[in-house]
There are 2 protein chains.
Amino acid sequence: MLGILGGDDRCPIARSLDVLGEKWTIMIVRDALAGVTRFGDFQSSLGIPRDVLAARLGSLVEGGVLERRDYKPEGGRRREEYLLTAAGRELSLILLALGNWADRHRPSPRNSRMRFLDSETGATAQAVAIAAGAVIPSERIVTRIEDAAVG
Amino acid sequence: MLGILGGDDRCPIARSLDVLGEKWTIMIVRDALAGVTRFGDFQSSLGIPRDVLAARLGSLVEGGVLERRDYKPEGGRRREEYLLTAAGRELSLILLALGNWADRHRPSPRNSRMRFLDSETGATAQAVAIAAGAVIPSERIVTRIEDAAVG
DNA sequence: TTAGTTGAGTTTGAAAAGCAGATCCAGGTG
DNA sequence: CACCTGGATCTGCTTTTCAAACTCAACTAA
């Protein structure tokens with residue numbers, strides 16, 4: 001499942017997209033962050049084809065975002081559920097940035113019903129860039145390729 | 001081009017993915033943020049099929065991330081180039097969050113050669129969540145669906 | 001013990017998207 | 001005018017997506 005985009009492994013964005021870049025993957029992570037753990041719950045929440053869901057859950061496990069764990073529902077057989085790893089939980093920052101961007105630039109006809117909050121204070125959460133401890137506007141973010149000739 | 005994921009327009013993440021969620025799209029934005037503007041430069045940088053590139057540039061224009069503008073190279077015919085809009089430039093925060101995540105959780109064998117910097121100070125930039133003016137760890141970001149019964 | 005039940009995947013066949021390469025096309029230049 | 005060049009489309013093939021039907025294991029109920 002590595003390298004779906006030509007696999008430039010020097011680019012961290014390409015490496016993130018190796019895990020997250022396929023159709024449905026980020027929506028599965030969104031549901032997982034909202035507490036969904038079971039195959040059928042992902043399926044009915046997203047309306048995703050079952051075979052695609054099985055493939056995506058597999059590559060998220062392989063990519064270290066989810067892990068499978070046994071669970072036993074009362075009056076049912078033992079099954080597996082999908083839990084976020086520490087790495088997976090850190091994706092909430094990416095989803096926050098995606099959500100903030102849509103709220104600013106893709107307003108919905110019926111207004112957005114999803115809010116991002118700080119679980120401790122209840123205050124609205126927002127993604128920002130910082131450099132040297134201070135918040136900077138996103139226009140000041142630049143990428144530099146360290147072209148240090150190898151060898 | 002709307003609603004590739006079932007189109008839950010109440011979810012801001014789904015609305016972002018309507019524009020950004022298809023294969024290659026975020027890589028195109030990455031190149032655009034690095035200064036690429038021309039069809040052929042995107043094509044040779046990414047190795048993307050030309051028909052797919054034309055389709056993606058079109059949906060990025062339609063989605064308000066890029067805009068087409070005429071330009072005239074010396075000694076060549078008039079052509080069009082693709083420039084980021086203000087909304088497109090704000091995507092740098094999302095790419096920063098993606099890049100930070102990969103650097104932490106998907107280290108490359110040959111170490112990452114891409115750095116994100118503050119263009120004013122040269123300091124390393126990082127994406128974080130803030131709430132009520134203070135930085136909060138990503139585990140504290142929670143989503144709440146405002147289920148206010150309409151009507 | 002044997003027949004249902006139920007949730008989690010797999011299989012199947014058709015539709016859509018992706019792909020590499022060839023082609024087209026407009027408007028320059030020699 | 002013939003030719004070149006960058007931008008985009010067309011062609012035939014492969015891969016992915018999709019919806020629906022099917023399998024499968026382990027519970028429960030009779």
Side-chain angles (χ1 to χ4, degrees), chain A residues 1-8 14 17-28 31-32 35-63 66-83, chain B residues 1-8 14 17-28 31-32 35-63 66-83:
Chain A
M1 184 48 55
L2 259 91
I4 61 174
L5 294 172
D8 182 354
L17 294 176
D18 277 346
V19 187
L20 304 171
E22 285 180 299
K23 195 170 177 182
W24 296 111
T25 304
I26 289 184
M27 295 298 278
I28 293 170
D31 274 17
V36 174
T37 61
R38 282 143 64 166
F39 189 97
D41 292 340
F42 286 110
Q43 205 280 321
S44 58
S45 161
L46 296 172
I48 177 177
R50 308 173 73 80
D51 58 344
V52 175
L53 177 56
R56 291 298 176 278
L57 290 171
S59 48
L60 283 170
V61 168
E62 197 186 341
L66 296 176
E67 61 188 358
R68 265 182 264 260
R69 203 174 56 176
D70 286 350
Y71 80 101
K72 173 78 175 66
E74 63 292 11
R77 58 175 283 201
R78 199 172 42 74
R79 295 199 167 274
E80 290 185 319
E81 63 187 345
Y82 296 88
L83 300 179
Chain B
M1 185 50 55
L2 257 93
I4 61 173
L5 293 172
D8 182 353
L17 294 177
D18 278 346
V19 187
L20 304 172
E22 285 180 299
K23 198 172 177 182
W24 295 111
T25 305
I26 289 185
M27 295 298 279
I28 292 170
D31 274 16
V36 174
T37 61
R38 282 144 61 167
F39 189 96
D41 292 340
F42 286 111
Q43 205 280 320
S44 58
S45 160
L46 295 172
I48 177 176
R50 308 173 75 82
D51 58 346
V52 176
L53 176 57
R56 292 299 177 278
L57 290 171
S59 48
L60 284 170
V61 168
E62 196 186 342
L66 297 177
E67 61 188 358
R68 263 182 266 258
R69 204 174 56 176
D70 287 348
Y71 79 102
K72 173 79 174 63
E74 64 294 10
R77 57 174 285 200
R78 199 171 43 71
R79 296 200 166 276
E80 291 186 318
E81 63 187 346
Y82 297 88
L83 299 179

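Numbered from 1 within each chain, the chains take letters A, B, ... in sequence-line order. Just so we're clear, the structure is a prediction, and the values are computed from it rather than from any experiment.
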Going 5' to 3' through nucleotides 23-30 of chain C, assign each nucleotide B (protein heavy atom under 4.0 Å from a base atom), S (under 4.0 Å only from sugar-phosphate atoms) or - (no protein heavy atom that close). ---BSSS-
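Nearer the 5' end of DNA chain D, as judged by each residue's closest nucleotide, is the contact made by Gly40(B), out of Gly47(A) and Gly40(B). In terms of position on DNA chain D, the residue among Pro49(A) and Ala55(B) whose nearest nucleotide sits closer to the 5' end is Ala55(B).
Side chain of Arg56(A), nearest nucleotide from dT9(D), dT17(D), dG7(D): dT17(D). When each of dA8(C), dC18(D), dT11(D) is scored by its nearest atom to the side-chain atoms of Val52(A), the top-ranked nucleotide is dC18(D).
Remark: C1' of dG6(D) and CG of Leu53(B) are 13 Å apart, rounded to the nearest angstrom. The CD-P distance, from Glu80(A) to dT6(C), rounds to 21 Å in whole Å. Here dT5(D) presents its P atom at 17 Å from CD of Gln43(B), a figure rounded to the nearest Å. With rounding to whole Å, Asp41(A) atom CG is found 10 Å from dG7(C) atom P. The CD1-P distance, from Ile48(B) to dG18(C), rounds to 9 Å in whole Å. Rounded to an integer number of Å, the gap from Arg69(B) CZ to dG7(D) P is 15 Å. Regarding Phe42(A), its CZ atom lies at a distance of 16 Å from the P atom of dG7(C), rounded to whole Å. If you measure from atom CD of Glu81(A) to atom P of dT6(C), you get 21 Å, rounded to the nearest angstrom.
The structure places CD1 of Ile28(B) at 8.0 Å from CG of Leu66(B), a figure rounded to the nearest 0.5 Å. Rounded to the nearest 0.5 Å, atoms CD (Glu80(A)) and CZ (Phe39(A)) are 12.0 Å apart.
Looking at Tyr82(B) and Arg68(B), their side chains do bring a donor and an acceptor atom within 3.5 Å of each other.
Contact between the side-chain N/O atoms of Lys23(A) and the OP1/OP2 oxygens of dC18(D) is found at a separation under 4.0 Å. Distances shorter than 4.0 Å separate none of the side-chain N or O atoms of Trp24(B) from OP1 or OP2 on dA17(C). For the pair Tyr71(B) and dG7(D), the criterion of a side-chain N or O lying under 4.0 Å from OP1 or OP2 is met. OP1 or OP2 of dA8(C) has not a single side-chain nitrogen or oxygen of Tyr82(A) nearer than 4.0 Å.
By the side chain to side chain contact (heavy atoms under 4.5 Å, CB included) test, Val36(B) pairs with Asp31(B), Asp41(B), Phe42(B), sequence neighbours left out.
Judged purely by atom type and a 3.5 angstrom limit, Glu67(A) has no side-chain atom pairing as donor or acceptor with the backbone of Val61(A).
Val19(B) has its side chain out of reach of Thr25(B): every pair of non-hydrogen atoms, C-beta onward, lies at least 4.5 Å apart.
Checked for salt-bridge contact, Arg38(A) and Glu81(A) miss the test: no charged N lies under 4.0 Å from a carboxylate O.
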